[in-house]
Amino acid sequence: MDANGANEQIQCSIRVHPSNPRQKLYIRRKNMSAGIQSLLVGASFALWAACASAQTDQDTVRAIEATAYDYMDGQLEGDADRVARALHPDLAKRTVRPASAYESLALGRMTSDELIGLTRKGALKTPKEQWQRSVKVLQVDQDIATVRLESPWFVDHLQMGRFGDRWVIVNALWHRKPRQ
C-alpha cells in the first residue's frame with residue numbers, strides 16, 4: 001500500500017537475451033520496493049538456472065557419456081581410431097602400484113599413444129556378449145567433468161575437458177578389479 005492506502009501495482013518482466021550465451025536476466029520494475037525487487041530477482045535467477053541447467057546438463061551428459069563409451073567400447077572392439085577420438089594427445093593414464101625399493105608412492109603410467117597401440121593389438125578385445133560396462137558422470141563444472149567407468153576387469157576414474165564442442169579424456173586413474 002502507498003501513503004494513501006491504495007494497493008501498489010507491481011509489474012515485473014523477465015526475458016532471457018537469446019544472443020547471450022550466459023543468458024543474463026533483464027528485469028524492469030514499476031512501483032516496486034527494493035525488497036520485493038530483490039526477492040523476484042533471486043527467485044527468477046534460481047528458476048532460470050534450474051531450467052537452463054537441466055537442458056544443458058542433458059546434452060552435456062550425453063556428450064560426456066559418448067566419450068567414455070568411445071574409450072571403453074573402442075578398447076573392447078579393438079578399434080584404435082575410436083579410442084584415439086576419446087583421448088587428449090597428452091593423456092595421463094595412471095594406476096597405483098605397490099611400493100618398490102625405488103619408489104614408495106609408485107604409479108604405473110601410460111600415454112595416449114601406448115593405449116592406442118595396445119588397442120590396435122587387441123589387448124582388451126572382447127566378444128560383445130561379454131561386455132558389462134557402466135558409465136556414471138559424477139560431476140560437470142563448465143568445461144571439465146569427472147566420470148566413473150566400470151568394466152568386468154577395471155574401474156577408471158576419468159577427468160575430461162571440453163575443447164570447443166568436443167569432450168576428451170585428459171586424465172585416467174584406474175585399478176584392476178579382483179578376479180572372481
Side-chain angles (χ1 to χ4, degrees), residues 14-26 41-96 108-177 180:
I14 300 171
R15 64 186 171 96
V16 176
H17 196 285
S19 66
N20 187 336
R22 300 253 185 235
Q23 297 183 336
K24 292 183 180 177
L25 296 175
Y26 295 89
V41 167
S44 300
F45 182 74
L47 179 62
W48 165 79
C51 292
S53 154
Q55 178 58 41
T56 302
D57 284 351
Q58 290 298 349
D59 295 340
T60 300
V61 167
R62 279 193 290 273
I64 292 166
E65 288 172 340
T67 299
Y69 282 117
D70 279 345
Y71 168 80
M72 183 79 266
D73 295 355
Q75 291 178 69
L76 297 175
E77 292 170 343
D79 185 342
D81 291 334
R82 189 171 179 190
V83 172
R85 181 174 62 221
L87 304 178
H88 187 281
D90 197 24
L91 170 78
K93 184 173 168 90
R94 293 182 165 68
T95 187
V96 175
R109 296 169 177 85
M110 186 181 299
T111 67
S112 60
D113 289 340
E114 290 169 329
L115 180 58
I116 292 164
L118 287 170
T119 302
R120 192 168 279 118
K121 292 177 184 176
L124 282 182
K125 196 165 184 177
T126 305
K128 199 162 193 163
E129 61 274 2
Q130 294 177 23
W131 291 11
Q132 295 174 357
R133 75 271 190 272
S134 64
V135 170
K136 182 174 184 182
V137 177
L138 302 176
Q139 183 72 38
V140 179
D141 291 297
Q142 295 180 3
D143 59 352
I144 61 173
T146 303
V147 179
R148 183 180 191 277
L149 184 131
E150 186 170 352
S151 74
W153 311 278
F154 305 100
V155 174
D156 285 74
H157 284 241
L158 309 174
Q159 293 178 320
M160 295 188 191
R162 181 175 53 207
F163 297 85
D165 292 335
R166 183 175 166 215
W167 286 92
V168 295
I169 301 165
V170 177
N171 295 308
L173 183 63
W174 65 277
H175 74 87
R176 187 178 310 272
K177 290 170 73 173
Q180 298 176 355

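Computed over heavy atoms, backbone and side chain alike; hydrogens, waters and symmetry mates excluded. Everything numeric in this text was worked out from a predicted model, so none of it was measured.
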K.L.:
With the side chain counted from C-beta on, respond yes when Arg62 and Ile64 share a heavy-atom pair under 4.5 Å apart, and no when they do not.
P.N.:
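Result no, sub-4.5 Å side-chain heavy-atom pair not found.
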K.L.:
Rounded to the nearest 0.5 Å, what's the gap from CG on Asp81 to CZ on Arg120? Could you check?
P.N.:
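Answer for the CG-CZ pair, Asp81 versus Arg120, is 6.5 Å.
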K.L.:
Using modelled atom types and a 3.5 Å cut-off, is there a donor and acceptor pairing between side-chain atoms of Ser112 and backbone atoms of Pro89?
P.N.:
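Confirmed, Ser112 side chain pairs with Pro89 backbone.
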K.L.:
Please determine whether the number of non-hydrogen atoms from other residues, nucleotides or ligands lying under 6.0 Å from atom CG of Asp90 exceeds 12.
P.N.:
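It does not: Asp90 CG has 12 such atoms or fewer within range.
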K.L.:
Once salt bridge (Lys or Arg N to Asp or Glu O under 4.0 Å) is applied, do any residues pair with Glu150, and if so which ones, sequence neighbours excluded?
P.N.:
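Residues passing salt bridge (Lys or Arg N to Asp or Glu O under 4.0 Å) with Glu150: Arg148, Lys177.
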K.L.:
Do you know which two heavy atoms are closest between Met72 and Ser151, and how far apart they sit?
P.N.:
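Reported closest heavy-atom pair: SD-CB, 3.7 Å.
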K.L.:
Restricting to ring-ring contact (aromatic ring centres under 6.0 Å, His included), what partner residues turn up for Tyr69, sequence neighbours left out?
P.N.:
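For Tyr69 there are no ring-ring contact (aromatic ring centres under 6.0 Å, His included) partners, ignoring immediate neighbours.
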K.L.:
Side chains of Lys93 and Asp156: closer than 4.5 Å at any heavy-atom pair?
P.N.:
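Of all side-chain heavy-atom pairs linking Asp156 with Lys93, at least one is under 4.5 Å.
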K.L.:
Rounded to the nearest 0.5 Å, how far apart are CD1 of Ile116 and CG of Asp79?
P.N.:
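Going from CD1 on Ile116 over to CG on Asp79, the span is 11.0 Å.
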K.L.:
Let me confirm one number: the CG-CZ distance from Asp141 to Arg162, rounded to the nearest 0.5 Å.
P.N.:
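Reported value, rounded in 0.5 Å steps: 11.0 Å.
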K.L.:
To the nearest 0.5 Å, what is the distance between OH on Tyr71 and CZ on Arg133?
P.N.:
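Result: 14.0 Å between the selected atoms.
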K.L.:
Please test Leu115 against Gln75 for side-chain contact (heavy atoms from CB on, under 4.5 Å), starting from the C-alpha separation and ending with a verdict.
P.N.:
CA-CA 9 Å; Leu115 180 58; Gln75 291 178 69; 3.6 Å; yes
K.L.:
Please enumerate all residues that pass side chain to side chain donor-acceptor pair (under 3.5 Å) together with Arg82, with sequence neighbours excluded.
P.N.:
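Per chain and number, Arg82 pairs via side chain to side chain donor-acceptor pair (under 3.5 Å) with Asp70, Glu77.
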K.L.:
Any side-chain heavy-atom pair from Ile144 and Gln139 closer than 4.5 angstrom?
P.N.:
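They are not in contact (no side-chain heavy atoms under 4.5 Å apart), so the answer is no.
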K.L.:
Would you say Thr67's side chain and Trp167's backbone share a donor-acceptor pair under 3.5 angstrom?
P.N.:
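Looks like yes, one N/O pair under 3.5 Å.
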K.L.:
Of all residues at least two apart in sequence or in a different chain, which pass the salt bridge (Lys or Arg N to Asp or Glu O under 4.0 Å) check with Arg109?
P.N.:
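Result, salt bridge (Lys or Arg N to Asp or Glu O under 4.0 Å) vs Arg109: Glu103.
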K.L.:
Please name all residues satisfying salt bridge (Lys or Arg N to Asp or Glu O under 4.0 Å) with Arg166, sequence neighbours left out, ordered by chain then number.
P.N.:
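Per chain and number, Arg166 pairs via salt bridge (Lys or Arg N to Asp or Glu O under 4.0 Å) with no residue.
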K.L.:
Taking the side chain from Trp131 and the backbone from Asp73, do they hold a donor-acceptor pair closer than 3.5 Å?
P.N.:
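Answer holds: no.
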K.L.:
Testing the basics here: between Leu149 and Ala68, what is the closest heavy-atom pair and its distance to 0.1 Å?
P.N.:
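So the two residues come closest at CD1-O, 3.5 Å.
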K.L.:
Does anything in residues 143-163 pair up under ring-ring contact (aromatic ring centres under 6.0 Å, His included), and if so which pairs, sequence neighbours excluded?
P.N.:
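For residues 143-163, and leaving out neighbouring residues, the ring-ring contact (aromatic ring centres under 6.0 Å, His included) pairs sorted by first residue read His88-Phe163, Phe154-Trp174.
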K.L.:
Quick check: do Ile169 and Leu91 have side-chain heavy atoms less than 4.5 Å from each other?
P.N.:
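With C-beta onward as the side chain, the pair touches.
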K.L.:
Check for a donor-acceptor pair, side chain of Gln130 on one end and backbone N or O of Pro127 on the other, with a separation under 3.5 Å.
P.N.:
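No, Gln130 side chain to Pro127 backbone: no donor-acceptor pair under 3.5 Å.
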K.L.:
In Å and rounded to the nearest 0.5 Å, what is the CG to CG distance from Leu158 to Asn171?
P.N.:
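Separation between the atoms: 9.5 Å.
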K.L.:
Can any side-chain N or O of Thr126 pair as donor or acceptor with the backbone N or O of Leu124 at less than 3.5 Å?
P.N.:
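Yes, Thr126 side chain to Leu124 backbone: donor-acceptor pair under 3.5 Å.
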K.L.:
May I ask you to test the Leu138-Val147 pair for a side-chain heavy-atom distance under 4.5 Å?
P.N.:
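The answer is no; the side chains never approach within 4.5 Å.
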